[in-house]
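What follows is a short report on a single structure.
Keep in mind that what you see is a predicted model, and the values were worked out from it rather than measured.
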Amino acid sequence: MAELTHELLSASGLTAGDVDGWIATSTESRDQADEARLLGVLGLVAPPERRLALPHPGHHLAHASAAFYSSGFDEATALVMDSYGSRIADGGRERETAFVFRAGEQPETLMRVVRDADRIAGYRRGGEVWTPAELSGVGEIYRVVTLALGFRESGTTYDDAGKTMGLASYGKRLSAENLFYELAPDGALRFDRAAQSLVDLGVAVREGAELRLVPRPARAPYEQFHFDLAAQLQAEFEEAVLHVTRHVLEIGGTRSLVTCGGSFLNSSLNTRIMRETDVERLFIFPAATDDGNAAGAALYAYHNLLGQPAQVKPPMRHVYLGPPRVTGVDVEAVAERWGLQARTHEGTRAVASAAADAVARGEIIGWFQDRAEFGPRSLGARSILCHPGLPGMKDRLNARVKFREAFRPFAGAVLVERAAKWFDMPTAESPFMLMVCPVLEAQRESVSEVVHIDGTCRVQTVAEDNPGAFRVLIEEFEDRTGLPMVLNTSFNLRGMPIVEHPDEAMDCLYGSRLDRLFVGEVEIEAPDLGALCPERLGAARSRGSVGLPATGEQRAAASVLPEWEGLLGLADGTRSVREIAAELGADAEELVDFALDMRRHGLLRWAGVPQATRPVYPMPQYSPDTSAE
């Protein structure tokens, strides 16, 4: 923790002594002592006299503060919905919370709904996933159904709700009646049917006071039931959140709304809020899940605990807030160490032009710029980019680069001044990919690869004041193709974190079918994968190494598929893929794909190719008397 803090401070030219106040917030702590230990992490880096305590309800207040103080609004109603907030004094947990913020004033709690028991749904026991039989909360139920659909990181109970939203477009409601959420007067919600509905649908079994989930097995095919279950949940979820939103706007006394919490990463929902409520101004904090709560806590402290003068700050326009990763780095030397050919372009326009050329001719490129995005969306600093209109590009990207499910859509990054000519936009801008909009019917064929099955696209508008070369790349691409947008997705392979260091980006060239890479102003050509020599790995695996198991899916013991056996048996590090293919009488390109898949599962590596290792920051060990100041 101290090492990571030092890195972040150094990137801003600061030391720990330069910081006036330190603050922390937490969630999903099991009890008050656990929460105190989490807050006690401040003791590792901050002197006692500079530690601040975020008052309860800490977690949701931090979410709301992140949204309001980044919005540029002078006043707003703030609505927070997620799976879990903080524990509170009477033993429950925050469920849905609303505040009223006004510049220069302390935030006022407008509504606070608390689940009547302190519990965390979706926990592992005996290799299975369990949940209390009594469910409540918009986010909790979305999480549990997502787990029932099988969307979790293997070996964990971390749900992947974005997959549920994508899957929903392929289905229709199972029932005209609501199965999970019931709307009640004054913005209230009831969840009486939720648990029994899971049992009736066959995705849970009731055992005493608990439910044992029966999720779709890993690698099992998707059936129409899964599509329809996702559609049922998504439709009910949207109506439930709209119901609460209308209520808090009515009682909040303002038509300005800011939102935060994981529920508001649901881009389909956000579009409906803008279209179907009385909101006049809407700001959604881009790091809406718990990754943004450190910022929320800090913003709350700055405006409310440190006596700063009342001042409305400009709205957040971009999120390129990570530490610099290209400045001061000899990228050509890094590429040479990886055995890759590289050349440097002179200036932003030159590198953007080269990248646009590659995308226009149908290549899939990695795009790595200096400071990474803050939050979960790839917004032009850590992106994989390709042509939005070449038929088959989306399938090629899913199958040979991202290695992910075919039903998941991709975003379109579009010049902001052109957006209304391509999309039915509820607002002029959508800079953080937080809106899903219909693609105008006359334009769909031209950008088919960013059009989801329901005719929509998750839109990222790119304005003239967007820092760096990303805007220029799209302008250059428009000059070549007439299309003012590119397909944009996060720069990572399935199951891996988004790349953060140039070495990790190089590793992706060896782990996928990316055609080339741009790191800052340096262009790097992909290696000839067929000429590489695969080497079978032994039992020992390097924890945290990119290209080796680093997440639940990849840590799981990988079953050797029958089609892998021939290559794996000959992978001794001395023969290339092409040589092995000739020996087996197999197609070399097919064997390359097998090798990439096995590499991703930690079964082999490329002989002689470096390993990129992501720094591991271990959680601190707390002594029994550690507590928050």
Which value, rounded to the nearest 0.5 Å, describes the distance between N488 atom CG and I384 atom CD1? 9.5 Å
Quick check: F407 with H452 (ring centres under 6.0 Å apart)? no
Pair N398, R404: side-chain N/O donor-acceptor within cut-off below 3.5 Å: yes
Lys/Arg cation over aromatic F368: R382, 6.0 Å, 45° cone: yes
Indicate yes or no: at least one non-hydrogen side-chain atom of Q234 is less than 4.5 angstrom from one of L229. no
Please assess D291 against R377 for the test salt bridge (Lys or Arg N to Asp or Glu O under 4.0 Å), listing each intermediate value before the final yes or no. CA-CA 12 Å; D291 52 356; R377 306 296 196 207; over 6 Å; no
Y142 versus D159, side-chain donor and acceptor atoms under 3.5 Å: no
In terms of the angle between their ring planes, are Y222 and F227 parallel, tilted or perpendicular, with boundaries placed at 30° and 60°? parallel
Students often mix this up, so state it plainly: with edges at 30° and 60°, are the rings of H59 and H63 parallel, tilted or perpendicular? perpendicular
Distance under 6.0 Å and angle within 45° of the ring axis: does R599 meet both against Y510? no
Just by distance, with hydrogens left out, do S490 and K402 show a side-chain donor and acceptor under 3.5 Å apart? yes
Which one of M485, K394, E363, M393 satisfies the side-chain contact (heavy atoms from CB on, under 4.5 Å) criterion with H387? M393
Flag for D503-W338: side-chain donor and acceptor within less than 3.5 Å: yes
